[in-house]
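There's a structure below that I have some questions on.
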Amino acid sequence: MKGYTLEELLTVEISKIIRNGEMNFTGIGTGGKAYIRACGIPLAAVSLAQQKHAPDAVCMMGPVLDPVLDKESIPAHNWEFDLIYWPCRAQIPLEDALGQFRLGRVGLAFASGAQVDKWGNLNITCIGDPQAPKVRLPGCLAQTDLAAYAKRVCIVVPHTKRVLVDHVDFVTAVGHENREGLPGGGPFRVMTNLAVMDFNPETRQMRVLSMHEGVTKEMIRENTGFDIEIPENAAVTPAPSPEDLRLIREVIDPEKRFLNAGITSEPATIDDEL
Amino acid sequence: MIERKSKLLSIHDAIAQIPDGATVAVGGSLVRRAPMALVREIVRQGKKDLTLYSWSAGMDFDMLIGAGCVKEAWSSYVGLFQLGIAGNFRRAVEQNRIRFVDISETCGMDKFRAAAYGNDFCISKTPLHSDLLRNPEFVEIASPFTGEKYVAMPAFRADYAIVHASRADRYGNVQFDAIRMMDNEFDPLIAKSAKKAIISVEEIVPEEEIIRTPTMTLLPKIFVESVVHAPFGCHPNSCDTRYDFDLEHGERYAQCAKTEEGFARYLDEYVRGTADEAEYLEKVGGPEALRKNLGR
C-alpha cells in the first residue's frame with residue numbers, strides 16, 4: 001500500500017519543473033479525469049511550487065491571472081460566477097492572456113489529449129482520417145498556440161497504446177518532429193500513470209525518465225504504441241515527501257477540488273490507474 | 001428637432017434580414033454569452049446554407065448545425081464545456097454533412113481582428129507544421145523583412161455578426177457590464193468585423209443612462225445595424241454576473257443532442273414549438289424563476 005495517490009505523485013513531480021518567476025498556463029478545463037490531468041494536478045503543482053521553491057511563479061486560467069491557490073480561495077464550483085469572483089491579481093482580455101504566449105512570456109504550459117506520439121505531437125481534434133473521422137472531438141482550443149509558443153509544454157495523459165501512438169491522426173499541437181520557425185520549446189515532459197518521460201535531444205523522441213514505484217519496463221512497453229527508449233538507468237519516480245503530502249492535503253486542496261475534480265460537476269480520480 | 005433613427009427591432013425582424021447562404025460571425029465563447037435568442041430565431045425562420053465563424057463555439061453552433069441551418073463552420077471548439085460532447089456537431093462532421101474548418105483560438109481572434117481593422121488577411125506562426133495547414137485557406141509565407149516563416153489566413157469578414165451584450169439604448173449604443181467574464185472581450189471586435197452587426201441585450205435603457213456611463217459603451221451605434229431586447233437572451237448559456245449557466249437545461253440539451261430523433265424533439269418543444277422568445281422563456285420556467293435560480 002502506497003502512502004500517496006497518483007494525483008499527489010504527479011503534483012509533486014510537476015511542481016519540480018515549475019521555475020520561479022514564470023507564468024504557467026492551465027486553461028479552465030472541463031470535468032472529470034480530463035480536468036484532473038489538464039488543470040487540477042497542474043494548479044495544485046503551481047501552488048506547491050509557490051510554497052517551496054518558486055514564490056514568484058504564477059499561473060493563468062484563461063483570462064484569470066495569478067489566482068490565489070489555497071484551500072480558502074479555491075471555489076466549490078467552476079461555473080461563471082466562481083471564475084469571475086475567484087480571488088486573483090488580474091483579469092485581462094483573453095487575447096492579451098494568449099498574447100503572453102506570442103511574446104515568449106509563458107514558461108510551462110499544460111496540455112492533455114486523446115493521442116500523443118513519439119515526437120510529442122498532440123491530437124485533441126479527431127480520431128481516424130481527418131477527411132472522414134471515426135470520432136470527431138471538440139476541436140483544437142488553444143493547444144496549437146501553446147505548443148507553438150510556450151517555452152516548455154508538459155503533457156499529462158493516461159498510459160495506453162490508444163493514447164501513446166506512433167503518429168497522431170491529427171497534429172493539433174506540434175512536437176519535435178519539425179519545429180522550424182516555431183518560437184517555443186515544445187514538449188518537455190509527458191507524465192502518465194506509469195512514468196515520467198522526456199525527449200532525447202538527439203533523436204527528438206520520447207524516452208522514459210523515471211518509472212513510478214512498482215512499474216516495470218515490460219508494463220511500459222506493453223502500454224506504449226511505439227518502440228519507446230527506456231534507458232538502463234531509468235530511475236524510480238521518488239515518493240512524495242511527508243512535507244509535500246502535508247502541504248497538498250492540509251494547505252492546498254483538502255477537499256480535493258483540484259485533485260479529484262471536486263470543483264467540476266463530475267468528481268473523479270485517476271488513482272486507480274497507478 | 002427631427003427624430004433620430006431607432007435601431008431597435010423585434011428579434012423576428014432583426015433576424016429576417018439574414019438571407020440563406022449568408023456568412024454569420026457568432027459572439028460568445030464556449031457556453032458563455034452566446035446569443036442564443038438570436039440563434040433560436042434563426043432556427044425558427046429555417047435559414048439554410050449558413051457559414052458560421054467563431055473563435056470558440058458551443059451550443060450556438062451545435063444547435064444551428066443540428067437544425068440543418070449550416071453548410072460550413074469555422075471554430076477552435078464546438079462542445080458543451082462541462083457537459084461534454086456537442087452531439088449534433090459530432091454527427092454532422094462524422095457523416096460529412098458540413099464542412100468544418102479547424103482553427104486555434106488565436107487564429108480565430110486574428111481573423112476577426114483583421115476584418116475589424118479593415119485588412120483582408122492576417123499572419124500567425126501558430127499553424128506552422130500543424131494539421132491546420134490541411135485546409136487551403138492556410139498559406140505559408142515568408143516575412144519580406146526577415147524571411148521568417150508565417151501562415152497567412154483570410155480575414156473573417158462576415159455578412160452579419162450576432163452578439164449578446166448587457167444593455168443598449170434604442171439608437172444602438174451598446175454597453176457591457178463592468179464586471180464580466182474577460183473571455184468574451186473579443187465580442188465588440190466580432191461585431192466590428194462583420195458588414196452588419198445584430199446585437200441582443202438584456203436591457204434597453206434610456207439614452208440618458210448611456211450618456212451617464214459612456215465608458216461602458218464598448219460598441220457605439222456607428223458599428224451597430226440593429227439592436228434587440230432579449231432578456232435571458234443567452235439561456236441556457238451564462239451571461240457574466242447576470243445569470244449563470246442553466247445546468248439542468250444544459251444537461252437536457254446534451255442528452256437530446258445525442259441522437260437525431262432526440263434533438264428533433266428538443267427543437268420541436270423548445271424552439272420551433274415556441275413562437276418567440278417570450279414563449280421560450282415561459283417554457284423554461286419564466287423570467288422570475290430563472291432570476292431566482294440562476295442569478296447571483
Side-chain angles (χ1 to χ4, degrees), chain A residues 28-32 35 62-64 78-85 91-99 101-102 121 123 125-126 128 130-149 168-174 177-183 264-266, chain B residues 29-32 55-57 75-86 89-94 96 100 102-107 109-110 113 124-134 140 148-150 179-186 189 238-241 243-245 247 251 296:
Chain A
I28 295 168
T30 53
Y35 179 87
V64 179
N78 205 11
W79 290 104
E80 201 74 334
F81 302 163
D82 306 297
L83 283 170
I84 291 176
Y85 292 106
Q91 294 187 14
I92 62 175
L94 188 70
E95 66 165 322
D96 295 338
L98 295 177
F101 279 103
R102 304 199 214 209
N121 292 318
N123 172 19
T125 307
C126 64
Q131 293 305 115
K134 200 167 102 210
V135 181
R136 174 65 215 198
L137 302 167
C140 302
L141 292 164
Q143 296 218 7
T144 323
D145 302 305
L146 67 88
Y149 303 107
V168 295
D169 295 338
F170 187 101
V171 180
T172 310
V174 175
E177 189 172 8
N178 181 0
R179 298 193 59 83
E180 192 202 339
L182 288 173
T264 75
S265 49
E266 195 189 337
Chain B
S29 61
L30 302 175
V31 290
R32 35 179 73 103
W55 69 267
S56 170
S75 185
S76 71
Y77 177 86
V78 185
L80 303 178
F81 192 45
Q82 291 200 16
L83 298 172
I85 294 295
F89 161 72
R90 175 183 252 187
R91 261 193 311 285
V93 177
E94 289 175 0
N96 210 15
F100 184 75
D102 284 294
I103 55 176
S104 79
E105 291 182 5
T106 66
C107 291
M109 293 184 186
D110 288 344
R113 192 187 308 102
S124 173
K125 289 180 181 174
T126 288
L128 287 173
H129 310 300
S130 79
D131 275 331
L132 301 186
L133 299 178
R134 284 171 165 273
E140 268 193 42
E148 279 187 83
K149 271 190 182 181
Y150 285 88
I179 299 178
R180 54 186 188 263
M181 179 40 101
M182 301 301 274
D183 261 347
N184 287 349
E185 284 305 274
F186 223 72
L189 270 177
S238 58
C239 184
D240 298 320
T241 62
Y243 46 92
D244 212 326
F245 192 72
L247 198 51
E251 276 166 3
R296 247 199 119 214

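All chains are named by letter (A, B, ...) in the order of the sequence lines, taking the proteins before the strands, and each is independently numbered beginning at 1. What you see is a predicted model; the values in this text were computed from it and never measured. Values reported hereafter were calculated over all heavy atoms of this structure, with side chains retained and with hydrogens, waters and symmetry mates removed.
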* Proximity breakdown for A:Phe170 and chain B, heavy-atom pairs closer than 4.5 Å ->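 Its backbone and side chain both get close to chain B.
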* To do: For the pair B:Leu30 and A:Ile28, evaluate side chain to side chain contact (heavy atoms under 4.5 Å, CB included) and give the outcome as yes or no after the intermediate values.
  => CA-CA 11 Å; B:Leu30 302 175; A:Ile28 295 168; 5.7 Å; no
* Asked: Quick one: are A:Glu180 and B:His129 in side-chain contact, heavy atoms under 4.5 Å?
  ->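 The answer is yes; the side chains approach within 4.5 Å.
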* Output yes when a side-chain donor or acceptor of B:Gln82 lies under 3.5 Å from a complementary backbone atom of A:Ser265, and no otherwise. => yes
* Look at A:Thr125, A:Leu83, A:Ile92 and state which one has the largest set of heavy-atom pairs under 4.5 Å with chain B. =>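 Maximum pair count with chain B is reached by A:Ile92.
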* Asked: Do you know the tightest heavy-atom contact between A:Val171 and B:Ser130?
  ->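 Taking A:Val171 first and B:Ser130 second, the nearest heavy atoms are O-CB, 3.5 Å.
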* To do: Tell me, for B:Arg134 versus chain A, whether the close heavy atoms (under 4.5 Å) come from the side chain, the backbone, both or neither.
  =>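 When you check distances to chain A, only side chain atoms of B:Arg134 fall under 4.5 Å.
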* Mutual orientation of the aromatic rings belonging to A:Trp79 and B:Phe245 [parallel < 30°, tilted 30-60°, perpendicular > 60°] -> parallel
* Of the non-hydrogen atoms in A:Pro63 and B:Met181, which two are nearest, and what is the gap between them? -> CG-SD, 4.1 Å
* Segment of B:Glu94 engaging chain A (4.5 angstrom heavy-atom cut-off) -> both
* Under a 4.5 Å heavy-atom cut-off, does chain B meet the side chain of A:Asn78, its backbone, both or neither? -> both
* For chain B, the option from A:Arg102, A:Gln143, A:Gln91 that forms the most heavy-atom pairs under 4.5 Å -> A:Arg102
* Asked: Does any non-hydrogen side-chain atom of B:Thr126 lie less than 4.5 Å from one of A:Phe101?
  -> no
* Asked: Are any of the side-chain heavy atoms of A:Ile84 and B:Ile179 separated by less than 4.5 Å?
  ->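 Heavy-atom side-chain distance check passes, below 4.5 Å.
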* **Contacting region of B:Met109 [heavy-atom separation from chain A under 4.5 Å]** => side chain
* For residues B:Asp131 and A:Val168, determine if any side-chain heavy atom of one lies less than 4.5 Å from a side-chain heavy atom of the other. =>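 Contact flag for B:Asp131/A:Val168 side chains = no.
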* Contact origin within A:Leu146 toward chain B - heavy atom pairs under 4.5 Å -> neither
* Largest heavy-atom contact set with chain B, pairs under 4.5 Å, which of A:Glu177, A:Glu266, A:Lys134 -> A:Lys134
* Asked: Which of the residues A:Pro130, A:Ala148, A:Pro183 is involved in the greatest number of heavy-atom pairs with chain B at under 4.5 angstrom?
  ->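 Among the listed options, the one with the most contacts to chain B is A:Pro130.
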* Which atoms of B:Leu247 come close to chain A, meaning under 4.5 Å heavy atom to heavy atom: side chain ones, backbone ones, both, or neither? -> side chain
* **For chain A, the option from B:Glu148, B:Arg91, B:Arg296 that forms the most heavy-atom pairs under 4.5 Å** =>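 Top count of heavy-atom pairs under 4.5 Å with chain A: B:Arg296.
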* Check whether any side-chain heavy atom of B:Arg90 lies under 4.5 Å from a side-chain heavy atom of A:Val135, and answer yes or no. =>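 Result yes, sub-4.5 Å side-chain heavy-atom pair found.
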* Quick one: CG on A:Leu141 to CG on B:Asp102, what's the gap to the nearest 0.5 Å? ->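 A:Leu141 CG to B:Asp102 CG: 10.5 Å, rounded to 0.5 Å.
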* Structure fact -> Most heavy-atom pairs under 4.5 Å with chain A, out of B:Leu80, B:Ile103, B:Val93, belong to B:Val93
* Any idea which heavy atoms bring B:Thr241 and A:Tyr85 closest together, and the distance? -> CG2-OH, 3.2 Å
* To do: Sort B:Leu133 into side chain, backbone, both or neither according to what part of it lies under 4.5 angstrom from a heavy atom of chain A.
  =>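 For B:Leu133, no heavy atom lies under 4.5 Å from chain A.
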* Asked: How about B:Phe100 and A:Arg136: do any of their side-chain heavy atoms sit closer than 4.5 Å?
  -> yes
* Checking side chain to side chain contact (heavy atoms under 4.5 Å, CB included) for the pair B:Glu185/A:Glu95: CA distance, chi angles, key distance, verdict? -> CA-CA 8 Å; B:Glu185 284 305 274; A:Glu95 66 165 322; over 6 Å; no
* Kindly determine whether A:Leu94 and B:Met182 satisfy side chain to side chain contact (heavy atoms under 4.5 Å, CB included), including the steps that lead there. => CA-CA 6 Å; A:Leu94 188 70; B:Met182 301 301 274; over 6 Å; no
* Closest non-hydrogen atom pair between A:Leu137 and B:Phe89, with its separation ->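 It is O-CE2, 3.7 Å.
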* Relative to chain B, which segment of A:Ala142 carries a heavy atom at a distance below 4.5 Å: side chain, backbone, both, or neither? -> both
* **Partner set under ring-ring contact (aromatic ring centres under 6.0 Å, His included) for B:Tyr77, not counting sequence neighbours** => none
* Under 3.5 Å, is there a donor-acceptor pair linking the side chains of B:Thr106 and A:Asp145? ->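 On atom types as modelled, these side chains qualify, holding a pair under 3.5 Å.
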* **B:Asn184, part contacting chain A, at a heavy-atom distance under 4.5 Å** =>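 When you check distances to chain A, no heavy atom of B:Asn184 falls under 4.5 Å.
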